[in-house]
Each structure stands twice: as C-alpha cells, then as structure tokens.
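Bear in mind that the values here come from a model prediction, so they are computed numbers and not experimental data. All ligand and atom numbering here is 1-based and tracks the order in the structure. Values below: every heavy atom of this structure, side chains too, minus hydrogens, waters and symmetry copies.
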Amino acid sequence: MKNPLDMTGRRVLVTGASSGIGQATAILLAELGCQVVLVARSEDRLQATRALMPGGGHTIKAFDLSKVETIESWLKEVTTSTGPLNGLVHSAGIHRTTPIRFEKPSVDDPLWRINYHASVALLIAFRKPANRAQSASVVLVSSIVGLIGQPGISAYCASKGALIAYARAAALELARERIRVNCVAPGHVHSALSAAAESKLTEAQVKAIEDGHPLGLGKPEDVANAITFLLAETGRWITGTTLVVDGGYTAH
Ligand SMILES: NC(=O)c1ccc[n+]([C@@H]2O[C@H](COP(=O)([O-])OP(=O)(O)OC[C@H]3O[C@@H](n4cnc5c(N)ncnc54)[C@H](OP(=O)(O)O)[C@@H]3O)[C@@H](O)[C@H]2O)c1
C-alpha cells in the first residue's frame, strides 16, 4: 500500500534541529526516508540529533540564523553541497518574557531577527530555482500565541502572528511557482524553550497553562507529526494556512 507520508527521495532543511520540535521533526523525517539538512548553532548538539536518526545522506550545517543578511549566500553554499531542497522547516526560535512596561523597542531585536526576519530570508533564498525542487513545501513554526493573546510576552506573540500573516501572503504569491507555504501553531510543548518560559511563572500560572490544554501538554513529536503532514504528499492541496496543534487549548 502506498504511504502518503513517505518522504523517500526528498531532502528537507530543518532549522532548530538540535532541540525540541526541530529535533523531533528531523528524526521523524529520517524515519520516513527523507534526507535531512540539520541547522542550529551548536554542531555538537546537531551531531547528537544525527545519532538518533536512521538512514544516510543527512547533513549537518551549523549556522547562526540571526545573521539574517548572510542567509541567502549561506543557503546557496548549502544547496551547492547537498543538492536542491524539497522542503524547508523553520523551527529555530527564541522566547522572551517581558511585560510591556519593561520592553525596550529596537529595530534590531534578536527575537525578531530569529523568529521573523530569518524566516523571510530563508524563504527568499529557498525560492530561488537553484536551491529547491520544482515542487516544494515550506513550514514555519508559529504558535497559538500568534492567534490569541497572552500577557507578558507581547513581542513574542507579535513575532509569531507576523509569521502567520507572512505565510498566507507568500502562499498566494508563490503558488504559481509550486511552492506551498504553511504554518503550524503549537500550544505548550515540553522543550528547553518552554522550560525556560515556565521558570518565569508561578506554580499557579504553570498549572493554569496545563489545565487549559484539555489533552494535556504536548510533546515535540506531536508537532513534528503535523509538520510532516504538511511537507509530505498528504499536504499537497494545502497552502496559506495554519495548522493548530494545541491539545484543544484554543477550543475554549
Ligand atoms: N515549546 C513550546 O511550547 C512552543 C510552543 C509554540 C511554539 N513554539 C515554537 O517552536 C519552535 C521550536 O521551539 P522548541 O520548543 O523546540 O525550542 P528549543 O527546544 O529551545 O529549540 C530551539 C532551537 O532553535 C535553535 N536556535 C536558537 N537560536 C538560533 C540561532 N540564532 N540560529 C540557529 N538556530 C537557533 C536552537 O539551537 P542552538 O541553540 O544550537 O542554536 C534549537 O535547536 C520555536 O520557534 C518556538 O517559538 C514552541
């Protein structure tokens, strides 16, 4: 029987592949036969992810995505060595808890660099015909807080909401080039990022987040499943949308 999630013969670049959602995505894609290009800053942690992945042909490319201005030339170098990409997953991201009264707006905010501007630069570079296959899929990792508000993290919420709007517009513009662009919007998922965010909250606040997820908190694998669904043949008629993966949080 044909498996519509089969990724054999495809090559996908995954940012944030050293941890959490990106790591789970890299492992699942490898299990489905995909060749994965693993990206994050720490080469050692990428090697650790690579050791968990079956199959061959995976490539490690340690890179700091906050160097947004160099992403285009860097991706050209990457695909010159790996060959063109069938997919791109931007999972690298950072979180910041800062109440509005303490926010210091800056046009060079590192949070915006990695969460939003790196996404835009990656998509611009990915779109170039030399860098990707004829038919290709992009998944940007947003968040449910890009759809609903949460106090104390307004800059993070805004950066994730911007991704959703960007994916919709890019999907319309790039459909004729056979590039699909979608987001996933996870709820609270166990990871290094969420553990750091939780450390700024009271026990009662953490409990309220847990209680808000009718199916309980998520695992990185839950989001990896949704990302893979959008990348694979299963997602071939899906573009410009955001798949919410939140254990029912936004159903309230
Ligand atoms: N966990 C959640 O509850 C949750 C919920 C909704 C949305 N999200 C989103 O999901 C995505 C993944 O989150 P996660 O929970 O998996 O976080 P994580 O475990 O902290 O992983 C973040 C990844 O991003 C990489 N990274 C960070 N800064 C980078 C940079 N400048 N250049 C290259 N790579 C960089 C990190 O690797 P290095 O440190 O080695 O660079 C790491 O691989 C993020 O965009 C996050 O906003 C998470």
Side-chain angles (χ1 to χ4, degrees), residues 13-28 36-50 52 60-71 74-75 78 88-97 108-119 121-122 139-148 150 153 155-164 166-167 183-201 206 209-210 212-213 215-227 242-247 249-250:
L13 184 144
V14 180
T15 74
S18 62
S19 178
I21 293 167
Q23 181 184 61
T25 303
I27 294 169
L28 178 58
V36 184
V37 183
L38 300 110
V39 178
R41 286 166 301 184
S42 163
E43 172 117 24
D44 288 352
R45 293 170 70 210
L46 289 173
Q47 294 284 5
T49 299
R50 171 68 189 86
L52 301 170
I60 288 175
K61 297 285 179 189
F63 181 69
D64 182 351
L65 288 157
S66 67
K67 295 179 189 157
V68 173
E69 296 78 3
T70 64
I71 285 178
W74 166 78
L75 194 71
V78 170
L88 165 71
V89 178
H90 182 46
S91 185
I94 54 176
H95 186 277
R96 182 171 73 221
T97 303
D108 207 15
D109 186 337
L111 179 132
W112 277 88
R113 268 195 171 254
I114 178 79
N115 289 6
Y116 177 72
H117 295 299
S119 306
L122 282 164
V139 180
L140 307 176
V141 181
S142 176
S143 166
I144 52 166
V145 302
L147 295 164
I148 57 168
Q150 197 167 303
I153 57 168
Y156 180 75
C157 293
S159 72
K160 293 298 179 179
L163 283 185
I164 291 171
Y166 183 70
C183 286
V184 289
H188 199 88
V189 171
H190 290 294
S191 75
L193 181 143
S194 59
E198 278 171 32
S199 71
K200 308 256 171 23
L201 301 175
V206 174
I209 292 173
E210 279 170 13
H213 291 73
L215 296 181
L217 299 185
K219 296 194 169 86
E221 291 77 9
D222 296 316
V223 186
N225 289 339
I227 292 171
T242 294
L243 180 49
V244 173
V245 192
D246 69 350
Y249 191 91
T250 51

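For the pair Pro186/Ile21, a side-chain contact is recorded, criterion being any heavy-atom separation below 4.5 Å from C-beta on. You'll find the side chain of Ile71 reaches within 4.5 Å of the side chain of Phe63, heavy atoms only. Between Ile153 and Val145, some side-chain heavy-atom pair lies under the 4.5 Å cut-off. The side-chain heavy atoms of Tyr156 and Arg96, taken from C-beta on, include no pair separated by under 4.5 Å. Taking the side chain as every heavy atom from C-beta outward, Arg50 and Leu46 never approach each other to under 4.5 Å. Counting heavy atoms from C-beta on, the side chains of Val244 and Tyr249 never come closer than 4.5 Å. Between Gln23 and Leu52, the closest side-chain pair of non-hydrogen atoms falls below 4.5 Å. No side-chain heavy atom of Val14 sits under 4.5 Å from any side-chain heavy atom of Leu38.
Residue-ligand proximity, Ser194 to ligand 1, at heavy-atom distances under 4.0 Å covers atoms 1 (N), 3 (O). For ligand 1, the atoms sitting less than 4.0 Å from at least one non-hydrogen atom of Ala192 are 19 (O), 20 (O), numbered in the order shown with element in parentheses. The ligand atoms of ligand 1 that sit less than 4.0 angstrom from a heavy atom of Ser66 are 31 (N). Heavy-atom contacts of Gly20 reach the following atoms of ligand 1: 16 (O), 19 (O) (cutoff under 4.0 Å). Proximity to Ser42 (heavy-atom distance under 4.0 Å) selects the following atoms of ligand 1: 40 (O). Less than 4.0 angstrom separates some heavy atom of Phe63 from each of these atoms of ligand 1: 32 (N), 33 (C). Of all the atoms in ligand 1, the ones that sit under 4.0 Å from a non-hydrogen atom of Asp64 are 30 (C), 31 (N), 32 (N).
Nearest non-hydrogen protein atom to atom 44 (C) of ligand 1 is Ser91 O, 3.1 Å. Atom 39 (O) of ligand 1 has as its closest protein heavy atom Arg41 NH2, 3.0 Å. Of all protein heavy atoms, the one lying nearest to atom 22 (C) of ligand 1 is Gly93 O, 4.1 Å. With hydrogens left out, the protein atom closest to atom 13 (O) of ligand 1 is Leu193 CD1, 4.0 Å, a heavy atom. With respect to atom 16 (O) of ligand 1, the closest heavy atom belonging to the protein is Ile21 N, 2.8 Å. Of the protein's non-hydrogen atoms, the one nearest atom 45 (O) of ligand 1 is Lys160 NZ, 2.8 Å. The nearest heavy-atom contact from the protein to atom 32 (N) of ligand 1 is Leu65 N, 2.9 Å. At the top of the distance list for atom 9 (C) of ligand 1, counting protein heavy atoms only, stands Val141 CG1, 3.7 Å.
When heavy-atom distances to ligand 1 are checked against a 4.0 Å cut-off, Ser142 comes that close only through its backbone atoms N, CA, C and O. Only the side chain of Arg45 comes within contact range of ligand 1, with a heavy atom under 4.0 Å; no backbone atom does. At a 4.0 Å heavy-atom cut-off, ligand 1 touches Val189 through backbone and side chain alike. Within the 4.0 Å heavy-atom criterion, neither part of Gln23 lies near ligand 1. Contacts between Tyr156 and ligand 1 below 4.0 angstrom, taking non-hydrogen atoms only, involve the side chain exclusively.
Ring geometry for His188 against His213 counts as perpendicular: the plane angle is over 60°, on a 0 to 90° scale with 30° as the lower cut.
Selection from Ala17, Ala40, Ser18 by nearest heavy atom to atom 42 (C) of ligand 1 gives Ser18. Between atom 14 (P) of ligand 1 and the options Gly16, Ser19, Ser191, Ala92, the minimum heavy-atom separation is to Ser191.
In terms of polar-atom proximity, His188 is not counted as a contact of ligand 1, lacking any N or O under 3.5 Å from an N or O of the ligand.
If you take CG on Leu122 and CG on Leu65, they are separated by 5.5 Å, rounding to the nearest 0.5 Å.
Taking a 4.0 Å cut-off on heavy atoms, Gly187 registers as neighbouring ligand 1. At least one heavy atom of Ile114 sits closer than 4.0 Å to an atom of ligand 1.
Sorted by first and then second residue, the salt bridge (Lys or Arg N to Asp or Glu O under 4.0 Å) pairs with a member in residues 60-71 read Glu69-Arg113; sequence neighbours excluded.
The backbone N or O of Val189 sits less than 3.5 Å from a side-chain atom of Ser194, completing a donor-acceptor pair. Within the 3.5 Å criterion, the main-chain N or O of Ile114 finds no donor-acceptor partner in the side chain of Ser66. A distance-only check finds no donor-acceptor pair linking the side chain of Ser18 to the backbone of Ala40 [under 3.5 Å].
Not counting sequence neighbours, the partners of Asp44 by the side-chain contact (heavy atoms from CB on, under 4.5 Å) test are Ser42.
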